[in-house]
There are 2 protein chains.
Amino acid sequence: MAATIKDVAQASGVHVSTVSRTFSAPHLVNPETRNRVLAAAEDLGYRPNRAARALTTGRTHNLGLIVADISNPFFPPLIKAAQAHARTRDYYVFVADTDEDPQVEEELIKAFTKQVDGLLLCSPRLSNRTIERLRAEVPFVVVNREVKGMPTVLMDVGQGARLAIEHLAGLGHRRIALISGPSGSWTSKQMREAAAATSGVDLVFLGPNAPTEQGGLAAAAEVTASGATGVLAYNDLVAMGLIEGLHERGVRVPADVSVVGVDDIVPGRLSRPKLTTVAMPAAAAGRMAVDLLLQSVGDGGTATLATLATSLVVRESTGPAPL
Amino acid sequence: MAATIKDVAQASGVHVSTVSRTFSAPHLVNPETRNRVLAAAEDLGYRPNRAARALTTGRTHNLGLIVADISNPFFPPLIKAAQAHARTRDYYVFVADTDEDPQVEEELIKAFTKQVDGLLLCSPRLSNRTIERLRAEVPFVVVNREVKGMPTVLMDVGQGARLAIEHLAGLGHRRIALISGPSGSWTSKQMREAAAATSGVDLVFLGPNAPTEQGGLAAAAEVTASGATGVLAYNDLVAMGLIEGLHERGVRVPADVSVVGVDDIVPGRLSRPKLTTVAMPAAAAGRMAVDLLLQSVGDGGTATLATLATSLVVRESTGPAPL
DNA sequence: ATGAAAGCGCTAACAC
DNA sequence: GTGTTAGCGCTTTCAT
């Protein structure tokens, strides 16, 4: 059995409360006793039981992060940034993957409840109603989706989509296809609306599609059939899959069709052709989300909305429209 | 405040122990009372506090999974498989990323302690000695590394490396470069030893290298300088970076040099040329690790060693040696 | 500066 | 079948 506070108290000849103080309010205890306690603790390999501590304090100093698909390269930078940032605030973040399953997502939220002080919901697949209901159990901040009355971190894909389409239009493309993601996706909706607001180009909407390489691969046929020479894909994974699919059909990128992705994931920077993309500030979003969450944990939940700007990174997958 | 067991007891006119039983041993309570309790619980939105429960039972029904770099595509399938498998056993797994930092790794282990029943250490960067010491605090199973006296899941990279080199040799390559990973890597060592045991080829050892695309990119110069026409890279990421670096120098793959990776990550299946690679059974390893951990949690820790076979997947990045 | 005692939410004997 | 009583490991008044 691991040593408990009692063992340390006994070994150092003081009462448990003194041991407790030594760890949570060292300044309140006589340096001499403190050293004795510390020595005994060291000796026994004692570490405070965080779960037990949480039971009395109501604070676990843990944060949970729930993500739909950990294998999407978009998330790791967000996760890492969140973890690193939380650490500076003396918090740990534990991650769980829902595998895109709303039911699993709900279960995970419940499993996390009471073991964390708050939850980061990244691109949640749950309905707004469910999210609002679950909210009573544990503080949330939602990333990449708008849920009213809740702290939220958004990345301005609408702006990014606009940039991308202007870039394509500037290159002479007159017919542009938009490949959307999963049907309920907030991001897709934003992109669609932003695209619809631009003028001077012919828009065709394709999808819905799986937000993966497979989804992009599958969309290749539709794209060629659409007659579009420019494509804005739901995300980089889709864009890369699409490029592959186009390649298989003998369509060259960017000579025949230009494609731009969204996210700016690492593989897109190393693929051939290197992907032109709307860069999402994933790391900044992770940090911001932690900040909002900690703040909301502290004050009981102000519904701040943070919107982060996006930018366009032009690389090799876009070029002049064919004549 | 969320409802506690006491509230439910009060609301349903029974004692807390009865409420407790309705949740942890329903068959021991009269169906009638049970329903009354359940109704009250439902009504108050009560859910047992898992942390408090753990305090008395000693079982959290959580598992922790610690990984060096969550952005390496090798891990997500392992993580997902572990999670899914654990769920069937009524366990949840929470993930943390050490960012390749041993110090962070140790901190995370300590943070997890007492909040999980056991830990999955994937490709740990800690020294064996530290791992053995920390082991007293929480049960481990180690994946992708040999630590004596501890439950371990290994993938037989040695065998895979042999396969890869034979494949290359069969293609006529006489000079083969081996790009190793981080200096302390167990995997690198296995590969090196297996390679050294093969005959009939000229081996050159390159590295150590970062286990990432950047590492591969950086190794391109060494590879061309080495005069090798065949390369076995530490992992797929390195292989892909290398191919990119080779491409930048005008070296064609596989026409001029053949490269094989290790892992069989998804991006490698979609890159150009599609990567020939040693497939690691990541999902199976995840499931196996959970099994071993749960078993070791149950019986106090038998040090089973599971070694999973690897195989060679030949795709497009390898071809006949140039004349 | 330290001790005593109550209690966080829950389970687990042990009675009845 | 259900209530009673401890107690898990820790923090936190309140005394002293």
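As the structure is a prediction and not an experimental result, all values here were calculated from the model. Proteins come first, then strands; the chains are lettered A, B, ... in the order of their sequence lines, and each starts at number 1.
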Inset, instruction - Starting at atom CZ of R36(B), determine the distance to atom P of dG1(D), rounded to an integer number of angstrom. - result: 15 Å
Inset, instruction - Ignoring hydrogens and angles, answer whether the base of dG3(D) and the side-chain atoms of R21(B) contain a donor-acceptor pair closer than 3.5 Å. - result: yes
Inset, instruction - Grab the CZ-P distance between R59(B) and dT11(C) for me, whole Å please. - result: 15 Å
Inset, instruction - Give a yes/no on whether any side-chain N or O of T18(A) is located under 4.0 angstrom from OP1 or OP2 of dG3(C). - result: yes
Inset, instruction - Measure from the side chain of H15(A), starting at C-beta and using heavy atoms only, and say which of dC10(C), dT11(D), dA4(C) lies closest. - result: dA4(C)
Inset, instruction - Would you indicate which nucleotide in dG9(C), dG3(D), dG9(D) comes nearest to any side-chain atom of A52(A)? - result: dG9(D)
Inset, instruction - Using atom NE2 of H61(A) as one end and atom C1' of dC10(D) as the other, report the distance to the nearest whole Å. - result: 14 Å
Legend entry - N/O (side chain, K6(A)) to phosphate O (OP1/OP2, dG7(D)) under 4.0 Å: no
Legend entry - Nucleotide of dT11(D), dT2(C), dT2(D) approaching V29(B) most closely (side-chain heavy atoms): dT2(D)
Inset, instruction - Would you indicate whether the side-chain heavy atoms of F75(A) and I70(A) approach each other to under 4.5 Å? - result: no
Inset, instruction - In whole angstrom, give the distance that lies between atom CD of Q10(B) and atom C1' of dG9(C). - result: 15 Å
Inset, instruction - Figure out the CZ/C1' separation between F23(B) and dC10(C), and round it to whole Å. - result: 12 Å
Legend entry - Residue list, side chain to side chain contact (heavy atoms under 4.5 Å, CB included) with P139(B), at least two apart or on another chain: L293(B), S296(B), V297(B)
Inset, instruction - Calculate the interatomic distance between L55(B) atom CG and dG9(D) atom C1'; express it in whole Å. - result: 6 Å
Inset, instruction - Mind checking R50(A) for me? I need base, sugar-phosphate or nothing, with any heavy atom below 4.0 Å counting as a touch. - result: nothing
Inset, instruction - Please state whether the phosphate of dC10(C), meaning OP1 or OP2, lies under 4.0 angstrom from any side-chain nitrogen or oxygen of T56(B). - result: no
Inset, instruction - Output the single nucleotide from dG9(D), dC10(C), dT12(D) whose closest atom is nearest the side chain of I5(A). - result: dG9(D)
Legend entry - T33(B), nearest nucleotide to its side chain (from dC10(C), dG1(D), dA1(C)): dG1(D)
Inset, instruction - Please confirm whether the backbone N or O of F74(B) pairs with a side-chain atom of N72(B), one donor and one acceptor, at under 3.5 Å? - result: yes
Inset, instruction - Ignoring the backbone of S17(A), work out which of dT11(C), dA4(C), dT11(D) is nearest its side chain. - result: dA4(C)
Legend entry - Touch class at under 4.0 angstrom, heavy-atom based, for V14(A) against every strand present: sugar-phosphate
Legend entry - Minimum-distance nucleotide to N49(A) side chain [options: dT2(D), dC10(D), dC8(C)]: dC10(D)
Inset, instruction - Say whether, by atom type as modelled, one donor and one acceptor occur between the side chain of S20(B) and the main chain of V16(B) under 3.5 angstrom. - result: no
Legend entry - Nearest-angstrom distance from the residue atom NZ of K114(B) to C1' of dG9(D): 9 Å
Inset, instruction - Determine the contact category for Y46(A): base if any of its heavy atoms lies under 4.0 Å from a base atom, sugar-phosphate if only primed atoms, P, OP1 or OP2 are that close, otherwise nothing. - result: sugar-phosphate
Legend entry - Nearest-Å distance for atom pair CZ/C1', residues R53(B) and dC8(D): 14 Å
Inset, instruction - Decide yes or no on side chain to side chain contact (heavy atoms under 4.5 Å, CB included) for V104(A) and R87(B), but give the supporting numbers first. - result: CA-CA 10 Å; V104(A) 173; R87(B) 265 168 47 80; 3.9 Å; yes
Legend entry - Side-chain heavy-atom pair M155(A), V143(A) within 4.5 angstrom cut-off: yes
